[in-house]
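Chain A is the first sequence line, chain B the second, and so forth, proteins listed ahead of strands; every chain is numbered from 1. Values reported hereafter were calculated over all heavy atoms of this structure, with side chains retained and with hydrogens, waters and symmetry mates removed.
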2 protein chains.
Amino acid sequence: MTVNLAIALLHYPVYNKHREVVTTALTNLDLHDIARSARTFGLERFYIVTPSPDQRDLAARITGHWQEGWGAGYNPDRKEALDIVRVCNNLKNAVNDFQAGFANPVKTVITGATDRPNSIAVSQLRTELEQNADPYLLLLGTGWGLTDDCFEAADHILQPIAGTGSYNHLSVRSAAAIMLDRLRGTR
Amino acid sequence: MTVNLAIALLHYPVYNKHREVVTTALTNLDLHDIARSARTFGLERFYIVTPSPDQRDLAARITGHWQEGWGAGYNPDRKEALDIVRVCNNLKNAVNDFQAGFANPVKTVITGATDRPNSIAVSQLRTELEQNADPYLLLLGTGWGLTDDCFEAADHILQPIAGTGSYNHLSVRSAAAIMLDRLRGTR
């Protein structure tokens, strides 16, 4: 691999509305939208992470439909986006797959909608991506966000995207698009 | 109104895959995602435009579900986003509604994924939004994009969002999020 940024969408361990730790269900449009954004901004890997075998089968069926046979011929742009998707049962396996393309160790960068201490600005991460050869894996949560344990375990915490006021409830699809544009977009 | 930028999602007149002019069907997640992005970046209006009465009823039902009764109590953040949605049968009525809040005439700014002559950079539009009091309505197409007639009729054409290579197939939800961040986001 040549691009030192990849993205992972985690369906576990995340909070639900009542702050219970759950596995969320795969959302078809998360997969398509984030794959298309990732491909547009040049990423070579987008990991779908879920411990549920049924959900991994579903993710594989969705990507397969557009990569082979009828779907691939009907919409080749969609095939090109889904080519970068890899389905994993946990984060460790996603990190290991991404690691295989690089000599330096993978650094995980966790994202969320809440301000947390010791977080880094998106502009700082952009500079790091441009100036060093370390591979970075951007972690996105589903549901009501990744658990506190995930934030403690990550190498970096990314500052949330600031809107213009106190309302900040972007969908994970929109947040991913904005982060990738800020990290790799041309202006 | 105090914010001189609004957004409109047009379901007609747009091309389909075979370059026929069609009315596309409303996509539930377009409505939610773009409303949440628009609200996060401080917009006060998001217009859903479709000539189909059935589709307008559907849009009104979706927004109503989260604005009244069970949905409003279950998810007040969603209510707050959907409060800015207005459903219109054509672009003219969307322009008229937005115009009512301003003295200067509304300028339409059309968006698409293809490079076109005489288009303005997003950064230039950001400067105009900050420096003058004219209200701007950002037009987003569905399907395979707004028709050439729409591009000829608009006051400005916005340059497409550049990725890192030739692949440029963002979903309309992702494109809207990136444009609003570039136009109004804090860095």
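Within residues 155-169 of chain A, the residues approaching chain B closer than 4.5 Å by heavy atoms are, in numerical order, Ile161(A), Ala162(A), Gly163(A), Thr164(A), Gly165(A), Tyr167(A), Asn168(A), His169(A).
By number of non-hydrogen pairs under 4.5 angstrom with chain A, the leading residue of Ser171(B), Ala175(B), Gly42(B) is Ser171(B). No other option in Arg36(B), Met179(B), Arg182(B) has as many heavy-atom pairs under 4.5 Å with chain A as Arg36(B). When the candidates Val122(B), Leu180(B), Thr40(B), Leu43(B) are compared by the number of heavy-atom contacts under 4.5 Å with chain A, Thr40(B) comes out ahead.
Of the two parts of Ser123(A), neither the backbone nor the side chain holds a non-hydrogen atom closer than 4.5 Å to a non-hydrogen atom of chain B.
A continuous path of Ile, Leu, Val, Met, Phe, Trp and Tyr side chains, each step under 4.5 Å between heavy atoms, connects Leu58(B) with Leu31(B), placing both in one hydrophobic cluster. Tracing side-chain contacts under 4.5 Å through hydrophobic residues (I, L, V, M, F, W, Y), one reaches Leu129(A) starting from Leu138(A); they form part of the same cluster. Residues Val22(B) and Leu146(B) share a hydrophobic cluster, clusters being chains of Ile/Leu/Val/Met/Phe/Trp/Tyr side chains in contact below 4.5 Å. In the hydrophobic clustering of this structure, Val95(A) groups with Phe102(A); members are Ile, Leu, Val, Met, Phe, Trp, Tyr whose side-chain heavy atoms approach within less than 4.5 Å, directly or through other members.
For Asp57(B), the side-chain contact (heavy atoms from CB on, under 4.5 Å) partners at least two apart in sequence or on another chain are Arg61(B).
Summarising the geometry, atom OG belonging to Ser37(B) is positioned 5.0 Å from atom CG belonging to Leu170(A); distances are rounded to the nearest 0.5 Å. The distance from the OG atom of Ser174(A) to the CD1 atom of Ile34(B) is 8.0 Å, given to the nearest 0.5 Å.
For the pair Leu29(B)/Arg173(A), a side-chain contact is recorded, criterion being any heavy-atom separation below 4.5 Å from C-beta on.
By the neighbour-count criterion of 12 heavy atoms within 6.0 Å, atom OH of Tyr12(A) is sparsely surrounded, having that number or fewer from other residues, nucleotides or ligands.
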